[in-house]
Amino acid sequence: MTAFVFSEPNFDNHEQVVFVSEPKSGLKAILAVHNTNLGPAMGGCRMWNYASEADAVTDVLRLSRGMTYKNAVAGLPIGGGKSVIIANPKTDKTPVLFEALGEALERLGGRYVTAEDVGTNTDDMAHVARKTRHVAGLGETGDPSPFTALGCFVGAQAAVKYHLKRDSMEGLVVALQGLGNVGFDYARRLRQAGARLIVTDIDQAALERARTELGAEVVPVDSIYDVEADIYAPCALGATLNPNTLGRLKVKIVAGGANNQLATADIGEFLRQKGILYVPDFVINAGGIIKVCYEHLKKPENEVEAHVRRIGDTLTEIFERAAHEGVATSVEADRVAELRFKR
């Protein structure tokens, strides 16, 4: 089926969607600028072996919209955008491919600034930077994932305090899905705080590392939804909260680092009705973009952690306002964002 952007269900009045093809490098990418009311669009570059071009369009539209909301709630002077490269990150990377991406960014004239995301890293961004200055997440300290993990951890702490009336993670069970850079660091912080971990991933080496270093229990990929736990932490790809998984969850809180965790907007209300506190994804996982934004705007690096830790306070406010209004936390988080970026 051909994907038409304007009629795609996830098209949300995006300002610009650019399809990039560069034959010499083999680059096939999509750059999506959702909204620039607060400043230039910023969001990472995902490299993924999409099953179809239509899947890539859906992903970039959802991700770029999410970045607008994420950046607004985080109080950053930037808009939302995202890029995806349609390729296998394990076999298709070359310096010239990322240089071609840099040239595409340069043609946008600063409307969109990228950084690393799923399937890309600081080395890839260094190649992008050879052709454009509109890139962040560079150098030995460029990796934003530790700050994303920190934000997830303080967000989980806020949720536990609000929903479970506990000041400690000691003894809590966390079912964590996805042990990439963010997921593993988040798991490490949870374990250090006394939580017991039940984990899954498609990467067997990551699972063995979690078992060895964190004492985690490993379960098959699809079994993570059936685990009895206090917290479900989705840290892989999006839409794992959907009609097929909702009835299987045996948790009290959802607090993870993945983007676009809700397959459809009404899932947030279903979670509320089940008594599960949903921690809105674009709020809890904003630590990485906070770090990248500070770097790009040359703001003091020593202020990043304090900004990230304020995610907990923001979430507590959203929990309280959602309860007062009788709406899902996802709905209230959207309201907070829209008040800031819509004109």
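All values below come from the heavy atoms of this structure, side chains included, with hydrogens, waters and symmetry mates left out.
Note: L63 CG to C45 SG = 11.0 Å, rounded to the nearest 0.5 Å. With rounding to the nearest 0.5 Å, the separation of CD1 in I231 from CG in L190 is 6.5 Å. A distance of 7.0 Å separates CG in N88 from CE in M47, rounded to the nearest 0.5 Å. Summarising the geometry, atom CD1 belonging to I86 is positioned 8.0 Å from atom NZ belonging to K28; distances are rounded to the nearest 0.5 Å. To the nearest 0.5 angstrom, F147 atom CZ is 10.5 Å from R309 atom CZ. R272 contributes atom CZ, which lies 13.0 Å from atom CG of D266 (distance to the nearest 0.5 angstrom).
V283 and V160 fall within the same hydrophobic cluster, defined by Ile, Leu, Val, Met, Phe, Trp and Tyr side-chain heavy atoms under 4.5 Å apart, directly or through other members. No continuous path of hydrophobic side-chain contacts links L31 to V60 [ILVMFWY only; heavy atoms under 4.5 Å]. Hydrophobic clustering (ILVMFWY, side-chain heavy atoms < 4.5 Å, transitive): V308 and I78 are in one cluster. Under the 4.5 Å side-chain heavy-atom criterion for ILVMFWY residues, no single connected hydrophobic cluster contains both M67 and V57. Using a 4.5 Å cut-off between side-chain heavy atoms of Ile, Leu, Val, Met, Phe, Trp and Tyr, with links allowed through other members, V18 and L101 fall into the same hydrophobic cluster.
With hydrogens and angles ignored, the 3.5 Å screen pairs a side-chain donor or acceptor of D281 with a backbone N or O of Q261. Side-chain atoms of Y186 never come within 3.5 Å of backbone atoms of C235 as a donor-acceptor pair (strictly under, hydrogens ignored). When atom types are taken as modelled, the side chain of H127 and the backbone of T94 share no donor-acceptor pair closer than 3.5 angstrom. R130 places no side-chain N or O within donor-acceptor distance of the main-chain N or O of E99, the cut-off being under 3.5 Å. For N242 (side chain) and A239 (main-chain N/O), a donor-acceptor pair under 3.5 Å exists by modelled atom type. Remark: the backbone N or O of F341 is paired with a side-chain donor or acceptor of N37 at under 3.5 angstrom. Here the side chain of S64 pairs a donor or acceptor atom with the backbone of L61 at under 3.5 angstrom. A donor-acceptor pair is defined here as one N or O able to donate and one able to accept, closer than 3.5 Å; such a pair exists between the side chain of E295 and the backbone of G137.
Taking a cutoff of 4.0 Å between a charged side-chain nitrogen and a carboxylate oxygen, R321 and E325 do not qualify as a salt bridge. Using a 4.0 Å cut-off between charged nitrogen and carboxylate oxygen, K82 and D117 count as a salt-bridge pair. Ion pairing between D222 and R248 holds under the 4.0 Å rule for side-chain N and carboxylate O. A salt bridge is absent between E106 and K131: the closest approach of a Lys/Arg side-chain nitrogen to an acidic carboxylate oxygen does not fall below 4.0 angstrom.
Under a cut-off of 6.0 angstrom, the local environment of CG in L339 is crowded, with over 12 non-hydrogen atoms contributed by other residues, nucleotides or ligands. A 6.0 Å sphere centred on CD of Q273 holds more than 12 heavy atoms belonging to other residues, nucleotides or ligands. Crowding of R196 atom CZ: a count of heavy atoms from other residues, nucleotides or ligands under 6.0 Å not exceeding 12. Heavy atoms from other residues, nucleotides or ligands lying under 6.0 Å from NZ of K93 number more than 12.
With no hydrogens or angles considered, a side-chain donor-acceptor pair links T58 and E8 at under 3.5 Å.
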Contacts table for residues 165-185: side-chain donor-acceptor under 3.5 angstrom, sequence neighbours left out:
residue, atom, partner, partner atom, Å
K165, NZ, Y162, O, 2.8
R166, NE, S168, O, 3.3
R166, NH2, S168, O, 3.3
R166, NH2, E170, O, 2.5
S168, OG, E170, N, 2.9
Q177, OE1, Y232, OH, 2.7
Q177, NE2, Y225, OH, 3.0
D185, OD1, R188, NE, 3.0
D185, OD1, R188, NH2, 2.4

**Study point:** Full working for side chain to side chain contact (heavy atoms under 4.5 Å, CB included) between V20 and R107
**Key:** CA-CA 11 Å; V20 178; R107 288 194 291 271; 4.3 Å; yes

Exercise for review: Begin from the C-alpha positions of Q204 and E208 and carry the test side-chain hydrogen bond (donor to acceptor under 3.5 Å, both in side chains) through to its verdict.
Suggested key: CA-CA 6 Å; Q204 293 302 310; E208 186 56 35; over 6 Å; no

Exercise for review: Evaluate the side chain to side chain contact (heavy atoms under 4.5 Å, CB included) criterion for residues H134 and T114: first the C-alpha distance (whole Å), next the side-chain angles of each, then the deciding distance (0.1 Å), finally the verdict.
Suggested key: CA-CA 7 Å; H134 306 305; T114 199; over 6 Å; no

Review point. Under the side chain to side chain contact (heavy atoms under 4.5 Å, CB included) criterion, do T314 and V73 qualify, and how do the steps go?
Key: CA-CA 8 Å; T314 300; V73 172; 3.7 Å; yes

Exercise for review: Mind running side chain to side chain contact (heavy atoms under 4.5 Å, CB included) on D59 and I30 for me, showing each step along the way?
Suggested key: CA-CA 10 Å; D59 205 28; I30 310 171; over 6 Å; no

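At a threshold of 4.5 Å between non-hydrogen side-chain atoms, the residues I253 and I276 do not count as touching. Looking at R65 and N10, their side chains never come closer than 4.5 Å, going by heavy atoms from C-beta outward. Contact of the V279 side chain with the F319 side chain is registered, since non-hydrogen atoms from C-beta on lie closer than 4.5 Å. The shortest side-chain heavy-atom distance between L297 and P77 falls under the 4.5 Å cut-off. In this structure the side chain of V227 never reaches within 4.5 angstrom of the side chain of K250, judged on heavy atoms. Looking at heavy atoms from C-beta onward, V96 lies out of side-chain contact with E22 at the 4.5 angstrom threshold. Under the 4.5 Å side-chain criterion, counting only non-hydrogen atoms from C-beta, D334 is in contact with F282. Within the 4.5 Å cutoff, the side chain of N259 has heavy atoms near those of the K70 side chain.
Between E332 and V327, the shortest heavy-atom distance links the atoms OE1-CG2, 4.1 Å. The two residues G142 and T122 have their closest heavy-atom pair at C-CG2, 3.8 Å. Scanning both residues, L105 and V128, for their nearest heavy atoms gives CD1-CG1, 3.7 Å. The nearest pair of heavy atoms linking V113 to A136 is CG1-N, 4.3 Å. Across all their heavy atoms, V219 and I198 have their closest contact at CG1-CG2, 3.6 Å. Scanning all heavy atoms of the two residues, the minimum distance from P89 to N49 falls at CD-N, 4.4 Å.
Evaluation of the side-chain hydrogen bond (donor to acceptor under 3.5 Å, both in side chains) test over residues 148-161, restricted to residues two or more places apart or in two chains, returns none.
Ring geometry for Y294 versus H307: interplanar angle over 60°, hence perpendicular rather than tilted (30 to 60°).
Residues passing the side-chain contact (heavy atoms from CB on, under 4.5 Å) test with S330, sequence neighbours excluded: L262, Y278, A328.
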